[in-house]
Trainee: 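Can you keep this structure in mind? I'll have questions shortly.
Numbers restart at 1 for each chain; the letters A, B, ... are given by sequence-line order, proteins then strands.
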2 protein chains.
Amino acid sequence: MYELLYEKIRENISISEEEFNFCKTLFQPKKLRKKRFLLGEDDVCKYTAFVEKGLLRSFIIDEKGTEHILQFSLEGWWAADLSSFLTGEPSKYNIEALEDCELLLMTKPAWDLLLEKIPVFERYFRILIEKNLIVTQRRLIASFSDTAEEKYYKLIQNFPHILQRVPQHMIASYLGVTRETLSRVRGQIAARK
Amino acid sequence: MYELLYEKIRENISISEEEFNFCKTLFQPKKLRKKRFLLGEDDVCKYTAFVEKGLLRSFIIDEKGTEHILQFSLEGWWAADLSSFLTGEPSKYNIEALEDCELLLMTKPAWDLLLEKIPVFERYFRILIEKNLIVTQRRLIASFSDTAEEKYYKLIQNFPHILQRVPQHMIASYLGVTRETLSRVRGQIAARK
DNA sequence: AAATAGCATTGATCTATGTCACATTATTTG
DNA sequence: CAAATAATGTGACATAGATCAATGCTATTT
């Protein structure tokens with residue numbers, strides 16, 4: 001436990017073992033079974049979660065009742081509704097385990113304490129959020145200019161492994177198309193080969 | 001000069017006057033005329049720019065030759081291609097002044113120095129990027145679930161002032177619809193009143 | 001004031017994707 | 001292991017918005 005976290009942190013910043021030991025005390029380990037929710041809409045996002053094992057999805061349900069997946073969080077990534085976690089306002093998002101998960105949870109007070117005691121974590125989180133922003137900007141542009149097929153192609157280029165772990169209708173939701181459309185796109189690709 | 005910058009920084013973090021004085025030395029003021037470019041695609045984004053006055057747009061041109069506006073940067077905001085600025089790789093974006101602008105430019109080495117000397121700026125930039133991420137996530141979800149009219153409505157709720165300063169076809173591009181569609185949407189709204 | 005260029009509007013099609021309905025196939029779960 | 005449930009595939013049809021093309025504005029510029 002914590003090895004992956006240590007590794008991921010040191011990919012971006014350098015901290016001493018002592019500092020990491022303090023950091024560890026701020027987390028609470030938590031197992032979350034498949035289909036259980038880390039966060040439900042209208043609740044405040046009390047934790048930011050580091051994923052040691054498993055896979056979660058963050059999604060929103062719009063006024064028409066359609067689900068839209070904002071993010072998949074795999075091992076080594078974080079899952080939370082940033083906006084709610086930071087402001088303490090109720091979230092519009094849901095975060096659900098798609099597999100049995102092992103998480104490391106951190107509350108907002110613990111997070112504040114971490115940043116206060118070891119300010120270099122500001123840098124760590126800045127870098128994480130930057131990467132997330134860059135990915136989200138690309139998805140936004142893709143939603144403007146790519147066809148369903150192009151979006152699907154890019155996904156299998158960038159995250160080939162995700163396809164094996166996530167049902168197709170969730171891939172469709174992540175791409176912003178219906179499951180029927182994705183099914184047809186896949187059919188056409190297969191037919192061409 | 002620099003008052004707006006000082007104000008914006010202190011909205012998010014607290015720094016001493018001395019620290020701010022050091023910070024100031026890292027910028028170079030620059031006037032940029034309307035229609036001139038701060039960054040052209042295939043160039044490395046050498047500066048991150050604080051906007052003291054004026055208005056810029058960041059946009060990308062896709063394979064089909066269509067422009068897509070990622071962001072408008074008004075007074076008090078920043079403009080840059082984060083990805084290129086951080087990595088030093090050529091940018092795919094263009095940044096163009098839509099009005100005569102007064103900017104404060106900072107190079108990557110200056111930026112690194114600022115973060116090294118006054119680490120609390122890590123926090124400042126983290127908060128900025130967080131806000132940007134939250135807005136971008138909302139736009140992504142909107143692109144999945146909102147009609148052209150809904151997207152336009154939300155824009156005039158959130159940025160009523162921008163409409164007076166930006167030609168309609170650029171608003172359309174920001175929303176991810178064609179100028180014709182936006183024109184029709186506006187016509188329908190007007191007809192209903 | 002004429003001229004030129006950029007913007008916005010409007011109409012007539014076209015098309016990718018959505019919607020609805022049902023069939024088929026996997027995967028859970030009692 | 002069977003029944004229930006969830007996921008995928010396919011067909012017929014509907015539609016929001018794109019595309020293409022012409023026309024009318026409005027601002028600068030000369």
Trainee: If you check every side-chain atom of Pro167(B), which of dA18(D), dA8(C), dG9(D) has the closest atom?
Mentor: dA8(C)
Trainee: Met170(B) CE to dA8(C) C1': how many Å, rounded?
Mentor: 14 Å
Trainee: Rounded to the Å, how far apart are Lys64(B) NZ and dG17(D) P?
Mentor: 18 Å
Trainee: Let me know the distance between CD1 of Ile171(A) and C1' of dT8(D), rounded to the nearest Å.
Mentor: 14 Å
Trainee: Ignoring the backbone of Glu180(B), work out which of dT29(C), dC20(D), dA8(C) is nearest its side chain.
Mentor: dC20(D)
Trainee: Using the salt bridge (charged side-chain N to carboxylate O under 4.0 Å, His left out) rule, pick out the option among Lys8(B), Lys53(B), Arg165(B) that qualifies with Glu75(B).
Mentor: Arg165(B)
Trainee: Hey, are Lys131(B) and Glu11(B) close enough for a salt bridge, meaning a charged N less than 4.0 Å from a carboxylate O?
Mentor: no
Trainee: Rounded to whole angstroms, how far apart are CG on Leu98(A) and P on dA7(D)?
Mentor: 10 Å
Trainee: Would you call Lys154(A) and Asp146(A) a salt bridge, taking side-chain N to carboxylate O under 4.0 Å as the test?
Mentor: yes
Trainee: Counting only side-chain nitrogens and oxygens, does Gln168(A) get under 4.0 Å of the OP1 or OP2 atom of dA6(D)?
Mentor: no
Trainee: Please work out which of the three classes, parallel, tilted or perpendicular, describes the rings of Phe121(A) and Tyr124(A), given edges at 30° and 60°.
Mentor: perpendicular
Trainee: Would you kindly give the CD-to-C1' distance between Gln188(B) and dG11(C), to the nearest whole Å?
Mentor: 14 Å
Trainee: Bend angle of the helix from dA1(C)-dT30(D) to dG30(C)-dC1(D) from five-pair axes at both ends, rounded to 10°?
Mentor: 50°
Trainee: Look at His169(A) and dT8(D) and indicate whether a side-chain polar atom (N or O) is within less than 4.0 Å of OP1 or OP2.
Mentor: yes
Trainee: When the distance from CG of Leu182(A) to P of dG9(D) is rounded to whole Å, what number comes out?
Mentor: 8 Å
Trainee: Taking atom C1' of dT9(C) as reference, at what distance in whole Å does atom CD1 of Ile189(B) sit?
Mentor: 15 Å
Trainee: Do the side chains of Glu122(A) and Arg126(B) get close enough for a salt bridge, i.e. N-O under 4.0 angstrom?
Mentor: yes
Trainee: Give a yes/no on whether any side-chain N or O of Thr178(B) is located under 4.0 angstrom from OP1 or OP2 of dG17(D).
Mentor: no
Trainee: Name the residue closer to the 5' end of DNA chain C, choosing between Lys34(A) and Arg184(B) according to the nucleotide with the nearest heavy atom.
Mentor: Arg184(B)
Trainee: In whole Å, what is the span from the CD atom of Glu150(B) to the P atom of dA16(D)?
Mentor: 12 Å
Trainee: Does dG18(C) have OP1 or OP2 sitting under 4.0 Å from an N or O in the side chain of Thr181(A)?
Mentor: yes
Trainee: Answer yes or no: is there a donor N or O on one side and an acceptor on the other, between the side chain of Asp100(A) and the main chain of Lys34(A), under 3.5 Å?
Mentor: yes
Trainee: Assuming nearest nucleotide by heavy-atom distance, tell me which of Lys35(B) and Ala148(A) is located more 5' along DNA chain C.
Mentor: Lys35(B)
Trainee: Could you tell me how the ring of Tyr6(A) sits relative to the ring of Phe20(A): parallel (under 30°), tilted (30 to 60°) or perpendicular (over 60°)?
Mentor: parallel
